[in-house]
Amino acid sequence: MIFATKAFYIFLPTVLLLYHMLRRRTYKYRVLLAASWLFYSWLSPQYLWVILACTIIDYFAGIRIEGRDDDRGRRRWLAVSIAANLGLLFAFKYIGFAYDNAVSLANLCGMGVHDRTWSILLPIGISFHTFQGISYTVDVYRRQIKAVRSFLDYALFVSFFPQLAAGPIVRAAEFLPQMTAPPRVSAKQVADGLHFFLLGLFKKVFIADQLDLLFVAPVFANPGDFDPAAQRWACLAWAAQIYCDFSGYSDMAVGCAKWFGFELPRNFNFPYLAVSIADFWRRWHLSLSTWLRDYLYFPLGGSQRVALRTYINLMIVFVMCGLWHGATWAWLVYGFYNGALMSFHRIWDRAATGYPMLDAVRSSWIWKLTSWACTFWLVTVGLILIRMPSWNAGGILFRSLLGFDYLETWSRAIPIWVPMLLAVGLVGHAFSGLRSKVCGVLDLPSFARAGVYVGAVVLLVTLSPGVGRTFIYLVF
Amino acid sequence: METQTTPREVRLPLEAAPRPRTDPQPILKSLTVVTVPAAPPVGFWRRNRTIILFAILLVAVDFAIGAFASLWQRHSPDDYAMKVAGCARSPRDLVFVGGSPVAEGIDPDRIAGSTWHGRRLDSVYAMGLSGGTTSDFYHAIRRACPTPPKVLIYGITASDLNDGRNEPHGPYSLWSWGDMARWVRLRPEAREWGVRHFLLARMGQASNLFRYRHGIRMWAAYMVDESLPRSCPEAMREADELRERADRLLSGNGYAPARGFSVGNYVAVKAAGLAPDRFPYLAHYRTGGHVKYLHLLIDWCEANHVELILMDMPVTADLERIHAAEFAEYRTRLIEIEKTRNVRVIHVSRDMVGLTDNDFADLIHMNLNGARKFSDWLKPMISRDPAGSAPS
């Protein structure tokens, strides 16, 4: 059961009804926890033990860390928690990749090892809940938060179903204080929850799924069958699809959480309006990028040491970011690519800052527009890496983005709906992002807001594909 | 305006620390308590007006969509419902019922005018419900024939009796609550399936927006194509075919062959190497459940003095060869029915009609040429004295 399926539309109202019918806080949270575990079991029934094991280990590790006065003991319990989380993550996500590479290496040395015939099914959301667990024990270790005494509260923090499968990665400091207050839902939260849920559903079902079905999937499967203009449009459509798919899930998670009285952090801040690659990573998958910053980049020394060390740190962080998404060479290269871009950007920024004339040029709108175009192009090139079916196909798509061999902008192979859907995404992005709003619709008068929501429902019901597609980030 | 000044406590959430901190900051200590004047109380309507307006508008839009139901139905006809309604529109002399072999293979216009025991059969209707099973045909006949016809010919084939499959369109378009209760009683092994599909159908029909979503989509495709020609060719092709089909179903005698079957040719399919080696509707073949509904159909005919004929529909030789065991079981069942219920069964062979692979579009469906040939053969067969001359 995932968002945007029939089962979920029965599950969610049932849980909401039960949750709001109950009076006492503990009963409400018990229902919510049971629902969350049911949600997880529905997706990966054989792996319920994974999330239970992580929850139990981190819960006890948190208490032990807090209870010990000696640094050695505290460090030992922190190590237990990190090793358990990363161990499970490695076991499920990276063993196959490591084995394949070991086999390739052995075969290069002429050892004649057979390819694996087994595969490991990834538990849903493991990359998200293990990172949540680590952040919790590290925060307790750093004495930034107190260890949670109630197992129920901690288990709910880890398993809260709206963000369980594909984030956002919620910090204990953001979530647990909300559990201390009485679980009440305000009228504003109900209305805003509807807004975010519909917004996410619209992005996912109306834009992302349609783009994939109409154009992205066929072009990326066999890019050689299409002309460069169609390939370019497919790259653009893919950029829109992955954003709408992932941010759509996050928006739905935020909306659902509001209906239970919880506030989840925003995961995206109009990333395609970024004017530099550093700006992009301050807008894209915020919960992951801030997690990597706080729990990897800063402990590595951040930018406090010599310049070379900063660049190495950046590279480590982005390679880890790539590998977090998937255990493939393509994701590894994606990490290197972004690490290199971030390093180059930092070098350029350091070199160009402080010269009054250059600063004036850099603050002009034409410079910003050029920076935006360059950033978007670089981001799109990176996104090809994570969708291409082969390196050869990736090369074809990359050449099309260079645009040297064929400068036409239109091709008969492009369905008219593709630019129309891209325009819808672009208008949505610009409508709020350029005015630094969370979403411009939230500021409309009630009647107009209600009209927009009804319009979205009508479009969703009538024009979206009959069968919903899996969220891309569910496999991470 | 009166301002309420009663102070209340507001808890501000902790902001995420940008850097690791070494000083202890337990959760409870991190909450800052400040005192601000409380906002004036806001009424229920004002607080919830967005949600209330959303609900009201949604209901209004749903009613508005319902007001144009015929428009949406014209762009996405519900085959089963429209054929049942079409048949019930006037009393019929002769009704054909069956699955897609009947829908594609019997043209009532070519059969009208035949006689039965000296009485002319002018009003003929073909209620071919594609994908249907015997259970669906029983439910359809009960609704489609408020005035019982003189003759009911059930063009039966092996897949109609296959308990390995059920057709969700039946519960959606043909069942009443009583039908669901009967299904639960008669088909305990498929109880959950029947109840689930019936309830889902009822829930889906509660909203006009959901019910007519495909019709609205097809209508939109038409509208877009008028403004931007050839902008959505696939949707437009589907919309065009469905509209043509709806027009034929609304005005005609139930005969509305699908475009693909009308022009298809099984010989060409075989020559292209595309002939299937299995027929999915005969997968997991077992009989017994749907046969109970065949008995109910016979009971209904007896109670209403309707002459029932079971006509074993001709199919390609390949289908009978591929699924020889399934056809053997099916024909055994037909013989049992013929003997125990004293029902007339016509076993129609391809040779009797003169059908070849050229007259079929695929393994089981006749094309336009086959339908003509078969209907022309059928007309005198019905008129003949049922006592002896009809082959059985």
Side-chain angles (χ1 to χ4, degrees), chain A residues 6 10 66 138-148 171-174 176-181 186-188 190-195 198 214 263 265 290 293-295 298-299 302 304 415-417 420 442 444-455 457-458 460-464 466, chain B residues 11-31 42 44-62 64-65 72 200 203-204 207-221 224 228 230-235:
Chain A
K6 275 183 198 165
I10 295 170
E66 193 177 61
V138 171
D139 284 354
V140 173
Y141 176 78
R142 288 173 176 172
R143 296 197 171 94
Q144 289 179 335
I145 58 169
K146 277 197 154 194
V148 182
R171 306 283 184 87
E174 292 165 331
L176 292 170
Q178 298 184 52
M179 295 184 76
T180 59
S186 66
K188 185 178 179 337
V190 175
D192 289 357
L194 178 73
H195 170 88
L198 281 178
L214 282 170
E263 297 292 336
T290 52
R293 181 194 67 191
D294 293 348
Y295 300 103
F298 287 156
Q304 301 297 307
I416 190 90
W417 295 106
M420 286 170 90
L442 289 170
L444 295 175
S446 293
F447 193 80
R449 257 181 90 174
V452 170
Y453 300 155
V454 170
V457 170
V458 171
L460 280 168
V461 174
T462 55
L463 298 186
S464 54
Chain B
R11 286 168 187 272
L12 300 178
L14 169 75
E15 281 192 7
R19 291 293 307 266
R21 304 164 83 135
T22 48
D23 54 320
Q25 278 218 322
I27 289 172
L28 294 176
K29 281 186 183 174
S30 69
L31 296 173
V42 180
F44 178 82
W45 156 251
R46 203 174 154 78
R47 266 186 290 128
N48 295 289
R49 63 185 166 183
T50 306
I51 291 290
I52 295 169
L53 282 169
F54 168 71
I56 292 170
L57 270 177
L58 200 59
V59 172
V61 166
D62 203 63
I65 288 169
W72 319 128
L200 279 175
M203 279 162 63
S207 157
N208 288 314
L209 174 62
F210 187 78
R211 183 178 190 175
Y212 298 120
R213 65 193 184 284
H214 192 248
I216 298 169
R217 190 186 174 101
M218 292 294 100
W219 170 82
V224 171
L228 300 163
R230 291 184 296 283
S231 54
C232 44
E234 284 178 26

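Per chain, numbering begins at 1; letters A, B, ... match sequence-line order.
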Q: Just give me the residue among B:Leu200, B:Leu209, B:Leu58, B:Asn48 that pairs up with chain A most often, heavy atom to heavy atom, under 4.5 Å.
A: B:Leu209
(Q) Which heavy atom of B:Arg49 sits nearest to which heavy atom of A:Ser446, and what is that distance? (A) NE-OG, 3.1 Å
(Q) Quick check for you: to the nearest 0.5 Å, what is the distance between B:Phe54 atom CZ and A:Leu198 atom CG? (A) 5.5 Å
Q: Over all heavy atoms of both residues, which pair between A:Val461 and B:Phe210 is shortest? Give the atoms and the distance, please.
A: CG1-CA, 4.0 Å
Q) In Å and rounded to the nearest 0.5 Å, what is the OH to CD1 distance from A:Tyr453 to B:Ile51? A) 8.0 Å
**Q.** Note, A:Val458 side chain near B:Ile216 side chain (heavy atom, < 4.5 Å)
**A.** no
Q | B:Thr50 versus A:Ala450, closest heavy-atom pair with distance | A | O-CB, 3.9 Å
